[in-house]
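Below, each value reflects all heavy atoms present in this structure, side chains not excepted, and no hydrogens, waters or symmetry copies.
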Amino acid sequence: MGVSTISLGLGLGGGKAATSSGRSGGGGSAFNNLLSASLDGTNDSIDVSSNPNLDVYTCSLWFKTTETYFSLPIAGFGKSGSQYGGIRFIPVVAGRAIEYNDGFQYIAAGGLSNSAVFDDAWHHVAIVYVASGYETSTGTASNNGQGYKIFFNGSRVDTALGSTGHDFSLATTSSFFSVGKERTSFYTGLIDEVAIFGSSLSDANITTIYNSGVPADLSGFSPTLWWRMGDAAGDTNSSGGTPSNGDSIGTIKDLGSGGNDGIQGTAANKPTFSNNVPS
C-alpha cells in the first residue's frame with residue numbers, strides 16, 4: 001500500500017465471510033454486508049461528480065487500517081470555499097489518534113491509543129454535531145458551545161480541543177466531499193457503510209448503529225447519503241457489472257435521500273472492492 005501525505009478522513013476493519021448472498025436496495029430482511037472498499041493510500045478515493053452541499057449533522061463509517069503515517073483522511077468535507085475539513089487520523093501526535101478538523105482547529109479523541117485504532121481490525125467511527133452545550137473533559141467550547149462529538153465503536157471518546165477559541169459550526173459539503181482523500185492526502189485501508197445524516201443522532205442511536213461490531217440497516221435513521229461500498233442495488237464495477245472481490249470500483253449507489261452516487265476520484269486511480277467486511 002502507498003504512503004499517505006497530510007489529509008483528512010475516517011473508517012473500520014475485517015471479519016468473517018458472509019453467510020448469505022445477493023444485494024439489498026437499502027436493508028430490511030434482505031440486508032447483507034458482503035463487500036467493502038479498499039484504498040491504497042497513493043491516489044485512491046471515492047468522490048461525487050459534483051458537490052452535494054449536504055449539512056453534516058452526523059457522519060458514520062467503518063474502517064480498517066494498519067497505516068501509521070502522519071495524517072490519514074477517512075472522509076473529507078469542506079464548506080465556504082475551504083479545502084480542509086473532515087475526519088482524520090493523526091497516529092504520531094499524542095492525544096489525536098482520531099479527530100474532527102474544520103481546517104483551523106480540531107476536536108480529538110485524546111483517550112485512544114494507536115494500538116486501539118491502527119490494529120488491522122474493523123472499527124466504527126462517527127461524529128455528531130452539537131448546536132450548543134458542547135463539552136469535553138478539558139472544558140467547554142466557545143461560539144455558543146458548538147462542536148462535534150466523536151464516537152469510537154459506539155462510545156464517546158472526544159476529550160481534547162485544539163483551542164478554547166475555536167469555531168466548530170455545522171460542517172457542509174459545499175466545497176468538497178470525498179471518501180479516502182482530502183486535498184492531496186489519501187487513506188490506506190478498508191472503508192465500509194459511509195453515511196451522512198441531516199440530524200444530530202443521539203448517543204443511543206450511535207450505539208445502535210455500531211451494533212456490537214456488525215453493520216446494520218441504516219434506512220430507519222433517514223440518511224441523506226449512504227454508500228454501502230458494493231452491497232447496494234446499482235453498485236457496479238468499472239466494467240458496469242455486478243461487483244465482486246478484487247474488482248475495480250465503478251459506481252457506488254447513494255441509498256440516502258440526496259441521490260449523490262460515488263465514482264472513482266480520477267481515471268488513473270483504482271480503488272477496489274474487498275470481501276473483508278466488519279462482522
Least distance between heavy atoms, [X] atom then [Y] atom:
| X | Y | answer |
| --- | --- | --- |
| R228 | D192 | O-OD1, 3.2 Å |
| P215 | N33 | CG-ND2, 3.6 Å |
| V214 | S279 | CG2-C, 3.8 Å |

Treating [X] as the side-chain partner and [Y] as the backbone partner, does any N or O pair qualify as donor plus acceptor under 3.5 Å?
| X | Y | result |
| --- | --- | --- |
| T236 | T251 | yes |
| T159 | A109 | no |
| N275 | N245 | no |
| D235 | D231 | yes |
| S274 | S36 | no |
| S239 | G241 | no |

Can you tell if the side chain of M229 reaches within under 4.5 Å of the side chain of E193, non-hydrogen atoms only?
-> no
- Answer whether the closest heavy-atom distance between the side chains of F151 and I209 falls below 4.5 Å. no
Hey, can you tell me if [X] and [Y] have their rings parallel, tilted or perpendicular (30° and 60° cut-offs)?
| X | Y | answer |
| --- | --- | --- |
| F89 | F118 | perpendicular |
| F221 | F197 | perpendicular |
| H124 | Y210 | tilted |

Residues passing the salt bridge (Lys or Arg N to Asp or Glu O under 4.0 Å) test with D203, sequence neighbours excluded, are K149
Residues at least two apart in sequence or cross-chain that pass side-chain hydrogen bond (donor to acceptor under 3.5 Å, both in side chains) with D158, listed by chain then number, are Y134, R156
Can you tell me if S202 and N205 form a side-chain donor-acceptor pair at under 3.5 Å? yes
